[in-house]
Amino acid sequence: MATQDGSEEVIMETEAKASDAEPLSEKVDAETTSCTDTGNAKTQDSSISNGDDAGDKQEMVELKIIWNKNKYDLKLPVDNTGADLKESIYSLTGLPTAMQKVMYKGLLPEDKTLREIKIANGAKIMVVGSTINDVLAVNTPKEAIQQEVKAEENKKEPLCRQKQHRKVLDKGRPDDIMAAIRGTKERLPTVPLSGMFNKSGGKVRLTFKLEQDQLWIGTKERTEKVPMGSIKNVVSEPIEGHEDYHMMAFQLGPTEASQYWVYWVPAQFVDAIKDTVLGKWQFF
């Protein structure tokens, strides 16, 4: 009821203001809830890993890569394979993986991890390889020579029956020859291969100087330091009656006369010797 002093109008105006305030309160509550939800979302997001943590926890190994008189530092997880290492070397040097001959105590196996190969921290990894143009230029004459050698071998009787070899083989197996295992393949040992005979029947040892890319052929009189890149081919054949040993020739020139023969090479090292001297990337 209206009074003379207009109090009813004042009450109505107050109620209207109170009614208008309700939506404002709801709006504030909604904004507060929204901000709280957003804060929670940000808190949840910050706890999600981006995947880097797992990589940081991997055991790493630091390597020294040596190629073409250049040195590179490389850090890799120890569970990376030899193939992964070759990819990393390609990234560092630009040398395609197919052109790489990677050596650590022999030719590095691509299917094993650095942990399995037992590569120590700070190890030196030797890399030998050339561009595709250089490889093709070098291998064109080599391929022709090797085909001629194989053709000649097919025409002849087994090498171990030829007179020039019989005079050495008939001396029998050397007493101090290294033990042989038939039907297996092993990496080159860390020590020289010794106790073998050369063509004149003298004792000979083979030392593979991977860091210099050289094969050292040592006798009692002297040691020949032969660059592996100069060896045109490697020929081998099991010795009849002693198939756990091979006779092997390193072709140092274009003809058979340039072959350096070594007798009683343990069979388990034959493939490793060929791979180390010629490299798997050669087109044979």
Side-chain angles (χ1 to χ4, degrees), residues 61-74 82 85-86 88-90 92-110 114 117-135 137-139 141-142 178 186-196 198 203-236 248-254 258-262 265-266 269-282 284:
V61 62
E62 295 182 359
L63 307 174
K64 294 285 186 183
I65 307 299
I66 302 174
W67 172 69
N68 200 22
K69 298 182 180 180
N70 294 317
K71 295 182 180 180
Y72 305 86
D73 292 323
L74 181 60
L85 174 58
K86 293 184 76 171
S88 298
I89 292 173
Y90 170 61
L92 279 176
T93 65
L95 180 65
T97 57
M99 299 294 106
Q100 296 176 22
K101 184 163 66 171
V102 182
M103 291 172 288
Y104 177 76
K105 296 181 180 179
L107 200 65
L108 191 81
E110 296 186 19
L114 306 185
I117 302 170
K118 298 181 180 179
I119 293 184
N121 204 44
K124 292 182 179 180
I125 306 297
M126 310 304 301
V127 181
V128 179
S130 305
T131 64
I132 185 63
N133 291 334
D134 292 338
V135 171
V138 170
N139 280 279
K142 278 189 178 183
M178 298 177 70
E186 293 185 7
R187 299 174 64 188
L188 290 176
T190 56
V191 297
L193 297 177
S194 59
M196 300 167 291
N198 59 17
K203 286 295 183 67
V204 64
R205 65 184 176 277
L206 301 177
T207 305
F208 296 88
K209 292 290 185 179
L210 304 181
E211 67 278 6
Q212 300 174 34
D213 199 29
Q214 292 180 345
L215 169 61
W216 290 12
I217 304 175
T219 63
K220 184 178 180 181
E221 294 77 20
R222 61 179 181 175
T223 298
E224 295 280 353
K225 299 180 180 181
V226 182
M228 292 189 192
S230 69
I231 299 175
K232 309 300 181 182
N233 196 17
V234 180
V235 177
S236 68
M248 176 176 287
F250 300 96
Q251 188 167 336
L252 308 181
S258 63
Q259 291 177 334
Y260 188 97
W261 284 96
V262 179
V265 179
F269 299 130
V270 169
D271 285 341
I273 291 172
K274 291 181 178 180
D275 287 344
T276 300
V277 173
L278 301 175
K280 289 185 176 179
W281 49 265
Q282 298 283 354
F284 301 147

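Nothing here was measured: the structure is a model prediction, and the numbers come from that model.
To the nearest 0.5 Å, atom CG of residue Leu188 and atom CZ of residue Phe208 are 5.0 Å apart. Rounded to the nearest 0.5 angstrom, Lys86 NZ and Ile125 CD1 are separated by 13.0 Å.
Within the 4.5 Å cutoff, side-chain heavy atoms of Tyr104 are placed close to those of Ile119. Considering only heavy atoms from C-beta on, Trp67 stays 4.5 Å or farther from Met126 through its side chain. Counting heavy atoms from C-beta outward, Lys232 and Pro254 have side chains that stay 4.5 Å or more apart. Between Ile217 and Asn198, every side-chain heavy-atom pair lies at or beyond the 4.5 Å cut-off. At a threshold of 4.5 Å between non-hydrogen side-chain atoms, the residues Leu215 and Phe250 count as touching. With contacts defined as side-chain heavy-atom distances shorter than 4.5 Å, the pair Glu186/Phe269 qualifies. Counting heavy atoms from C-beta outward, Lys220 and Lys203 have side chains that stay 4.5 Å or more apart. Using a 4.5 Å heavy-atom cutoff, the side chains of Gln214 and Val226 are not in contact.
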Begin with the C-alpha distance, continue with both residues' side-chain angles, and end with the deciding distance and a verdict on side chain to side chain contact (heavy atoms under 4.5 Å, CB included) for Ile273 and Met248.
-> CA-CA 10 Å; Ile273 291 172; Met248 176 176 287; 3.7 Å; yes
Hey, mind stepping through Asp73 and Lys64 against side chain to side chain contact (heavy atoms under 4.5 Å, CB included) and telling me if it holds?
-> CA-CA 5 Å; Asp73 292 323; Lys64 294 285 186 183; 2.7 Å; yes
Check the pair Met178 / Leu193 against side chain to side chain contact (heavy atoms under 4.5 Å, CB included), numbers first and verdict last.
-> CA-CA 7 Å; Met178 298 177 70; Leu193 297 177; 3.7 Å; yes
Kindly determine whether Leu107 and Val102 satisfy side chain to side chain contact (heavy atoms under 4.5 Å, CB included), including the steps that lead there.
-> CA-CA 6 Å; Leu107 200 65; Val102 182; 6.0 Å; no
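Taking every heavy atom of both residues into account, Gly106 and Leu210 meet most closely at N-CD1, 3.1 Å. Nearest heavy-atom pair, Asp213 versus Gly229, reported as atom, atom and distance to 0.1 Å: OD2-N, 4.4 Å. Thr276 and Met103 make their closest contact through CG2-SD, 4.4 Å (heavy atoms, listed as atom of the first residue, atom of the second, distance). Across all non-hydrogen atoms, the minimal contact from Ser258 to Gly253 is OG-N, 2.9 Å.
Contact check on Glu211 versus Lys124 returns no salt bridge, with no Lys/Arg side-chain nitrogen under 4.0 Å from an Asp/Glu carboxylate oxygen.
Side-chain N/O atoms of Ser236 and Lys274 include a donor and acceptor closer than 3.5 Å.
If you run side-chain contact (heavy atoms from CB on, under 4.5 Å) between Gln100 and each of Leu108, Leu95, Leu85, only Leu95 comes through. The side-chain contact (heavy atoms from CB on, under 4.5 Å) test with Tyr72 is passed by exactly one of Ile65, Val127, Ile89: Ile65.
Listed for the Thr223 side chain is no donor-acceptor partner under 3.5 Å among the backbone atoms of Gly218. For the pair Lys101 (side chain) and Gly129 (backbone), a donor-acceptor distance under 3.5 Å is absent.
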